[in-house]
Amino acid sequence: MRTSEREVVFRVCDYDLAATLTSGQAFRWYQHGDTWEGVIGSHWVRLRSSQDSIIAETARPVTNWEWLTHYFQIHLGLGDVLASFPQDESMNSAVMACHGLRLLQQDPWECLASFILSSTKQIVQIRQIVSLLCKGYGEPVAVPPGHPPAFAFPSPARLAETTEAELRDCKMGFRAPYLLKTARIIATGQLDLDGLRQMSVERARAELLQLPGVGRKIADCVLLFAYGFQSAFPVDVWIMKALRELYFPRRRLSNLRLQRFTETYFGPNAGYAQQYLFHYMRTQRPLMLSKPKAGRSHSAA
DNA sequence: TCAGACCCTCACAG
DNA sequence: ACTGTGAGGGTCT
């Protein structure tokens, strides 16, 4: 076995860490200069990436890095995934524009709770809410000397014993009762999140849909971002916009018809295809379609 | 299938 | 600067 180290280097190919961490699948990564800091489970991590490697640093020595390689899907080759995409102009443009974009494999509870908090919120606001939630109710994790404190994502049990008012103080608004009720369902074992791993994607989705605040979109986010069901295809306003503009510019299809289209057209790795279209729409397309923003005021200095 | 409600925050006009 | 307005990774009724 490997000796215990605070730092490890992973050789990677086609891995755009920045794009991956800002593509709206995880909400707890922060950029500091050329590094990214975040918490995975109970580990504080600092990451640095170069062309062909990712360097991870922790606060305490680590012997088994499986939690990290799993989260980042380090050993997944992107070639087979990209090859399974439909070969159309839009898909090719998205793949070119988002070269190295990856899907993470997150903790189911953190993913579920985060996406319950995501409805009709901008990503910056989701990040703020999740941050407040972790500061308020998450366990502190080890950080380097002198570093500001960092927190794990609060457990279902911990959140189950909060009140709606306390959760609303984290600025989550009407989502508070949803999160509270779902936390109680998970904490009492009424639904076993680990058990979903062995189920078919349809069965797992049906289980998630029973939770308050969880509809089709959020269920599919959890199926894809936490469990790795590659066929899950979350359809949100951005994907809807992408489908209408890129694939059906002159037809008026119902949301249901568009959903049906995604279930067959994008193939076995539809979830990955979705992530490329989503990031493409959010980053590249707006720059081309909308007018440049008016000059910003200089708030500093 | 179809609105409307739901909390709250930020960007953007005026 | 200050206030008004609209919309933001949806879900529920």
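Quick caveat, the model's predicted, so the values are computed rather than measured. Each chain gets a letter, A, B and so on, in the order its sequence line appears, and its residues count up from 1.
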S.K.: Using purine N1 to pyrimidine N3 plus N6-O4 or O6-N4 for Watson-Crick, or N1-O2 and O6-N3 for G-U wobble, both under 3.5 Å, which nucleotide pairs with B/dC6?
M.R.: C/dG10
S.K.: With respect to the side chain of A/Gln125, which nucleotide from B/dC8, C/dG10, B/dT1 is positioned closest?
M.R.: B/dC8
S.K.: Determine the Euclidean distance between corresponding P atoms of C/dG6 and B/dG4; express it in Å to zero decimal places.
M.R.: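 Nearest-Å result for B/dG4 against C/dG6 at atom P: 15 Å.
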S.K.: Given atom CZ of A/Arg216 and atom P of C/dG10, what is their separation to the nearest angstrom?
M.R.: 15 Å
S.K.: Are the aromatic rings of A/Phe233 and A/Phe266 close, with centres under 6.0 Å apart?
M.R.: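 Judged by ring-centre distance (under 6.0 Å), A/Phe233 and A/Phe266 do meet the cut-off.
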S.K.: Show, in sequence, the C-alpha distance, side-chain angles and deciding distance for A/Leu21 and A/Phe27, and conclude whether the side-chain contact (heavy atoms from CB on, under 4.5 Å) test is met.
M.R.: CA-CA 8 Å; A/Leu21 297 180; A/Phe27 304 101; over 6 Å; no
S.K.: Under the 3.5 Å rule, do the base of B/dC7 and the side chain of A/Lys171 count as making a donor-acceptor pair?
M.R.: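 Side chain to base: no pair present.
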S.K.: Centroid-to-centroid, A/Tyr265 to A/Phe261, below 6.0 Å?
M.R.: yes
S.K.: If you pin A/Leu209 and A/Phe225 to their nearest nucleotides in DNA chain C, which one's is more 5'?
M.R.: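 That would be A/Phe225.
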S.K.: With P as the reference atom in both, quote the distance from C/dA7 to B/dA3 in angstrom, rounded to an integer.
M.R.: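 Rounded to whole Å, the distance is 16 Å.
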S.K.: In this structure, how many angstroms lie between the P atom of B/dC8 and the CD atom of A/Gln128, rounded?
M.R.: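 The answer, rounded to whole Å, is 13 Å.
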S.K.: Which of the following nucleotides, C/dG10, B/dC8, B/dT1, is nearest to the side chain of A/Val237?
M.R.: C/dG10
S.K.: Reckon A/Leu211 touches a base, only the sugar-phosphate, or nothing at all at heavy-atom distances under 4.0 Å?
M.R.: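 Touches sugar-phosphate only.
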S.K.: Using whole Å, what does the distance between atom C1' of nucleotide C/dG10 and atom CG of A/Leu179 come to?
M.R.: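 About 15 Å, once rounded to whole Å.
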S.K.: Looking for any heavy atom pair under 4.0 Å, which part of the strands does A/Glu164 touch: base, sugar-phosphate only, or nothing?
M.R.: nothing
S.K.: Checking A/Arg257 against A/Phe248: charged group under 6.0 Å from the ring centre and within 45 degrees of the axis?
M.R.: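 Here A/Arg257 fails the 6.0 Å and 45° test against A/Phe248.
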S.K.: Which listed nucleotide (C/dG8, B/dC7, B/dT1) is nearest to the side chain of A/Arg168?
M.R.: B/dC7
S.K.: Nearest nucleotide by nearest heavy atom, which residue falls closer to the 5' end of DNA chain B, A/Thr120 or A/Val124?
M.R.: A/Thr120
S.K.: Which part of the nucleic acid, if any, lies within reach of A/Ile123 when heavy atoms closer than 4.0 Å are counted: base, sugar-phosphate only, or nothing?
M.R.: sugar-phosphate
S.K.: Using a 4.0 Å heavy-atom cut-off across all strands, classify A/Ser23 as base, sugar-phosphate, or nothing.
M.R.: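 Base, at least one base atom sits under 4.0 Å.
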S.K.: For the side chain of A/Ile218, starting at C-beta, report the closest nucleotide among C/dG10, B/dC7, B/dC8.
M.R.: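 Per side-chain heavy atoms of A/Ile218, the pick is C/dG10.
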S.K.: Would you say the ring centers of A/Phe151 and A/Tyr137 fall short of 6.0 Å from each other?
M.R.: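 Ring centroids of A/Phe151 and A/Tyr137 are no less than 6.0 Å from each other.
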S.K.: If each of A/Val214 and A/Ser118 is mapped to the nucleotide of DNA chain C with the nearest heavy atom, which maps nearer the 5' terminus, i.e. the 5' end?
M.R.: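 Here A/Ser118 is the residue nearer the 5' end.
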S.K.: Ignoring hydrogens and angles, are the base of B/dC7 and the side chain of A/Arg175 linked by a donor-acceptor pair under 3.5 Å?
M.R.: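 Yes, a donor-acceptor pair under 3.5 Å.
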S.K.: Does B/dC6 have A/Phe174 stacked on its base, where the ring centres are within less than 5.5 Å and the planes differ by under 30°?
M.R.: yes
